[in-house]
Amino acid sequence: MIIDSAEVIVTSPDRNFVTLKLTTDDGLTGLGDATLNGRELAVVAYLTEHVVPLLLGRDAHRIEDTWQFLYRSAYWRRGPVTMAAVAAVDTALWDIKGKAAGMPVYQLLGGASRTGLLTYGHASGKDLPELFDSIRAHQEQGYRAIRVQTGVPGLKSIYGIASNATYEAMDGVRYDHEPAQRGARPAEEDWDTRSYLRHVPAVFEAVRAEFGPELPLLHDAHHRLTPIQAAQLGKSLEPYDLFWLEDVTPAENQEALRLVRQHTTTPLAIGEIFNTVWDYQQIIREQLIDYVRSAVTHTGGISHLKKVLDYAAQYQIKSGMHGPTDISPVGMAAAMHLGLSIHNFGIQEYMRHGARTDEVFRQSFTWTDGYLHPGDAPGLGVELDPDEAGKYPYVQAYLPFNRLHDGTVHDW
Ligand code: CS2
Ligand code: MG
C-alpha cells in the first residue's frame, strides 16, 4: 500500500485549518491535522516543501518507521512546527491503516477502555451574572464539567472571555472564546497579575455558592504567573476543590512546578504547548503534574502522544487533551480514538466548532450527555469536503499578546 499522493489543504470556514490528505495507490485516503494557531503557514511550508516529497512512494503501513524517519532524518528536532507536521503524517497513516483493516482506529490501539469520553466546556463572563448564564448554558448543552474564565476589574480584555464580536460572527449563537483574531497584526491586551490574584478566588467562591460542590470546575491561568504567584493561586483556590488549574506558570522551567507543589494540593494540568515526551520528562518523573494537556496535533501524532501518556500512566498521571477550536475535527477525532483506548484517560476539552467547519469536515463522532465517542467508522471517521473547503481561503490571524502597565511584554 504505497503513498501515491499527498495534499496540504488550507481552509478557513470559521477559522484557519491545515489538513494533510494522503492517498494510497489502492485509493485509501487518510487525514491529519497540522493546524498551528497563528503560525499555520509555517507548517504548510514545512509539509509542502520538505515532507510531502519524502512521503511519495513510501509504504503507508509503516507508521512507526515513517515517524522515526521524519523525526531523525530532519536532524533539527522537536518544536511546534516540526511536531505538527510529523503529527499530521502520523495521524493520516493511522486513518489509512484503520480503513485498510476495516476498523476504527481505537480498535487498533487496543480497543475501548470506556464507553465515552467525559468532556469539559468553556464558560466565561466579564462579570458574575454573565458567567453564571454561560455556565447554565453549557450545562443545558450537556456539559458535565465546566472551565471557568472570568473578566478582571480594571483589565480591558483578558484571555478566555467570549466577546460579543464572536457572538455576531457566529450568527447570533453565544459562542466560546476564539483566541485567534483575523487581522494583519496581533491585538495587544493588558495584564495585571495582582488584580487577577485578588479577583479569581472570589469568583470561584461565588460559583461554588451558586452551583454547589459537585460540579467539576477547571481554570486556565494561561502561563501568566511566576512560580510563587502560581503557588499562591493554587492555595487560594483549594477551598473550591478545582478539577484542575491549568498552565499556572510557564513550564519551560520544569523545576518551577516543585515550588508550586510545595504549597498547594490543587491538581495541575500542563502541556498544551509541549511537543514531545522530553518536554514532560522531569514534571512526570517528579510527579509535578496531574494531567497531560498535549493534543495529538501538536505532539507528533497518535504514535508519540500515546508514548507520553503511557509514560504518564506509570505515575498515575492522566490525560486532559487540548481541544479548543484551533484543533480541527480531524485532530479532535484522533484525540478521541486515543482517549477511548488508553487506561489513564482523565477528561477531554471540547469546544464545539462552527457550522461552516462542520460542513467542511464531515464527522461521525458523537457528543451525548456530555460524553464524546469517536464512532465506529473505519479509520478516524472524518472526511474533508474539498468543494466546501475551497470556499474559504486562508485569512491571516494572530493570537493576541500582553503588555503590563509599564509596557513590558508579558505571557498571553
Ligand atoms: C487554551 C487555548 O483551550 C485552552 O486551554 O489554552 O484556548 C489556547 O489559548 C489556544 O489553543 C491557542 O491557540
Ligand atoms: Mg489552556
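Just so you know, ligand 1 is whichever comes first in the structure, and atom 1 is the first atom listed for that ligand.
Here's the thing with R293: one of its N/O atoms is less than 3.5 angstrom from an N/O atom of ligand 1.
For the residue pair H263 and Q232, no side-chain donor N or O sits within less than 3.5 Å of a side-chain acceptor on the partner. In this structure, a donor-acceptor pair under 3.5 Å is present between the side chains of R182 and S12. Checking H219 against E246 by side-chain atom types alone, no donor-acceptor pair falls below 3.5 Å. In this structure, a donor-acceptor pair under 3.5 Å is absent between the side chains of E64 and S303.
Taking all heavy atoms of R147, E272, R39, E349 into account, the minimum distance to atom 8 (C) of ligand 1 is reached by E272.
Ligand 1 places these atoms under 4.0 Å from at least one heavy atom of H122: 3 (O). Of all atoms in ligand 1, listed by their number and element, those nearer than 4.0 Å to a heavy atom of D220 are 1 (C), 4 (C), 5 (O), 6 (O). Annotation for ligand 1: atoms under 4.0 Å from non-hydrogen atoms of N37 are 12 (C), 13 (O).
For L399, every heavy-atom contact with ligand 1 shorter than 4.0 Å involves the side chain, none the backbone. Neither the backbone nor the side chain of Y120 comes within 4.0 Å of ligand 1, counting heavy atoms alone.
Summarising the geometry of H373 relative to T115, their closest heavy-atom pair is CD2-O, 3.3 Å, with the distance given to 0.1 Å. Of all the heavy atoms in L70 and L55, the pair that sits closest is CD1-CD2, 4.4 Å.
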- Query: Taking it one step at a time, do K306 and D310 satisfy salt bridge (Lys or Arg N to Asp or Glu O under 4.0 Å)?
  - Reply: CA-CA 6 Å; K306 182 166 173 26; D310 288 347; 3.3 Å; yes
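Only protein N, O or S atoms were considered, and those under 2.8 Å from the Mg ion (ligand 2) are D220 OD2, E246 OE2, E272 OE1.
A salt bridge does not link R352 with D358: every distance from a Lys NZ or Arg NE/NH1/NH2 to an Asp or Glu carboxylate oxygen is 4.0 Å or more.
Annotation: Y280 is not in aromatic contact with Y311 [ring centroid separation under 6.0 Å not met].
For the pair M351 and ligand 1, no heavy-atom separation below 4.0 Å is found.
Results of the ring-ring contact (aromatic ring centres under 6.0 Å, His included) test with Y120 over Y143, W244, Y291 single out W244 as the only residue that passes.
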